Number of protein chains: 2
Amino acid sequence: MEDYLKLDKQLCFPIYALSREVIQRYRPLLDEIDLTYPQYLVLMVLWEHQQQTVNQIGGKLLLDSGTLTPLLKRLEQKQLVIRQRSKTDERVVEISLTDEGKQLRTKAEQIPLKLIQELGISLEEITVMKNIINKLLKIKK
Amino acid sequence: MEDYLKLDKQLCFPIYALSREVIQRYRPLLDEIDLTYPQYLVLMVLWEHQQQTVNQIGGKLLLDSGTLTPLLKRLEQKQLVIRQRSKTDERVVEISLTDEGKQLRTKAEQIPLKLIQELGISLEEITVMKNIINKLLKIKK
DNA sequence: TCAAATTAAATTGCGTGCAATTTAATTTTA
DNA sequence: TAAAATTAAATTGCACGCAATTTAATTTGA
């Protein structure tokens, strides 16, 4: 008789623990550029797309305005992004990078590789993990 | 030239997104027994070990007293656990289950299987994921 | 043995996450 | 076309997570 309530039988707990562990690993690197992990993710979206609405960012990061609005205000205070209402649709807020925000990209460039190395995970393992995770994330409600 | 700053090149973002997604999947099931996911994890530790110090729980869940103290106070308010200073070492707080806390286990029993089914993940994939994750978690500072 | 170091929780402060509600703008439709 | 429905952000409220500090108890070591 299996005991599915035992911690070491769980899959979800390791995922939850790993997520926090990975963010911990990022911290010293992100501290150097004064960013939190979610703030770094938002900037990653903007480095790739220059301008995005709050909703578009939320769609990519799976975060809602309740999380993003205050986070974006903090990035604005740090002079990394600009928030402005769309001219064509006043409901929409468009987020774009300041020059400072664009420049931060250079400093951030080495972070992903450093992290992979630090985690000591092989490229094959990364692929396997990503495939399973993407499959799990795709089965949305 | 690879662009490691692209979101879809990342491993860490999928892990972070999956962790939140999984907790979302738990929510409706845990709502029925009025628990958050971290509260459920603490109870899982106690269902397995009856009595644990704050530090012992923190060691198993990788959480510190800053997170656990208020969480445990909430579980105490719900009459699910008892918090009491150790007689032999006044610094230590021992956490044990109330009868109500013990009984909750029955209701929680079906949750893990339900979740695995809902996620649509195979037992083999679970094993693969867990092996990689455990390897990553083991390489502690 | 007793001051210094260590340890366990608690506290403080801040930044998420997210449900639920609110506000304001736009779109739909009767 | 004007009320109803929808949509995008913002707001509110609560529960983590975690760094840093504090408090109190215990252990160590000169």
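This one's a predicted model, so the numbers in the text were calculated from it and none came from an experiment.
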Please state how far atom CG in L43(A) lies from atom P in dT16(C), giving the value in whole angstrom units. 11 Å
Distance test, side-chain N/O of T36(B) to OP1/OP2 of dC16(D), below 4.0 Å: yes
Heavy atoms from C-beta onward define the side chain here; which of dA25(D), dA10(D), dC18(C) lies closest to that of Q24(B)? dC18(C)
When we call it a touch if two heavy atoms are under 4.0 Å apart, what does R20(A) touch: a base, just sugar-phosphate, or nothing? sugar-phosphate
Quick one: R85(B) CZ to dA9(C) P, roughly how many Å, whole number? 8 Å
State whether the distance check finds a donor on one side and an acceptor on the other, under 3.5 Å, for side chain T69(B) versus base dA9(C). no
Where the side chain of D64(A) is defined as all heavy atoms beyond and including C-beta, which of dA10(C), dT7(D), dA19(C) is the nearest nucleotide? dA19(C)
Would you please say whether a donor-acceptor pair under 3.5 Å links the side chains of R27(A) and Q24(A)? yes
Nearest of dC18(D), dT26(D), dA10(C) to any side-chain atom of L63(B)? dC18(D)
Integer-rounded Å distance: dT28(C) P and R91(A) CZ: 10 Å
Within the 4.0 Å heavy-atom criterion, would you say T88(B) contacts the bases, only the backbone, or no part of the nucleic acid? sugar-phosphate
Measuring to OP1 and OP2 of dA8(C), would you say a side-chain N or O of Q56(B) lies under 4.0 angstrom away? no
Return the CD to CZ distance between E118(B) and R25(B), rounded to the nearest 0.5 Å. 5.5 Å
Indicate, with a heavy-atom threshold strictly under 4.0 Å, whether T67(A) touches base, sugar-phosphate, or nothing. base
For the student: nearest non-hydrogen atoms of I95(A) and L46(A), plus distance: O-CD2, 3.6 Å
Given dT11(C), is OP1 or OP2 found less than 4.0 Å from the side-chain N or O atoms of K73(B)? yes
What is the distance, to the nearest angstrom, from the CD1 atom on I23(B) to the P atom on dT16(C)? 17 Å
Check whether any side-chain N or O of N55(B) sits under 4.0 Å from OP1 or OP2 of dA9(C), and answer yes or no. yes
Along DNA chain D (nearest heavy atom to each residue), the more 5'-positioned of Y16(A) and T53(A): T53(A)
Spacing of I116(A) atom CD1 and Q10(B) atom CD [to the nearest 0.5 Å]: 7.5 Å
Would you say V92(B) and V42(B) are hydrophobically clustered, going by side-chain heavy atoms of ILVMFWY under 4.5 Å? no
Ranking D89(A) and S65(A) by the position along DNA chain C of their nearest nucleotide, the one closer to 5' is S65(A)
Between K87(B) and P70(B), which is nearer to the 5' end of DNA chain D once each is assigned its nearest nucleotide? P70(B)
Measure the distance from CG on L62(B) to P on dC16(D) and round it to the nearest whole Å. 16 Å
Using whole Å, what does the distance between atom P of nucleotide dG17(D) and atom CZ of F13(A) come to? 11 Å
Could you label the plane-to-plane angle of the Y26(A) and Y40(A) rings as parallel, tilted or perpendicular, counting under 30° as parallel and over 60° as perpendicular? tilted
Answer with base, sugar-phosphate or nothing: what part of the nucleic acid does L71(A) contact at a heavy-atom distance below 4.0 Å? sugar-phosphate
For atom CD of Q77(A) and atom P of dC14(C), their distance in whole Å: 12 Å
Separation of atom CZ in R74(A) from atom C1' in dG15(C), rounded to whole Å: 5 Å
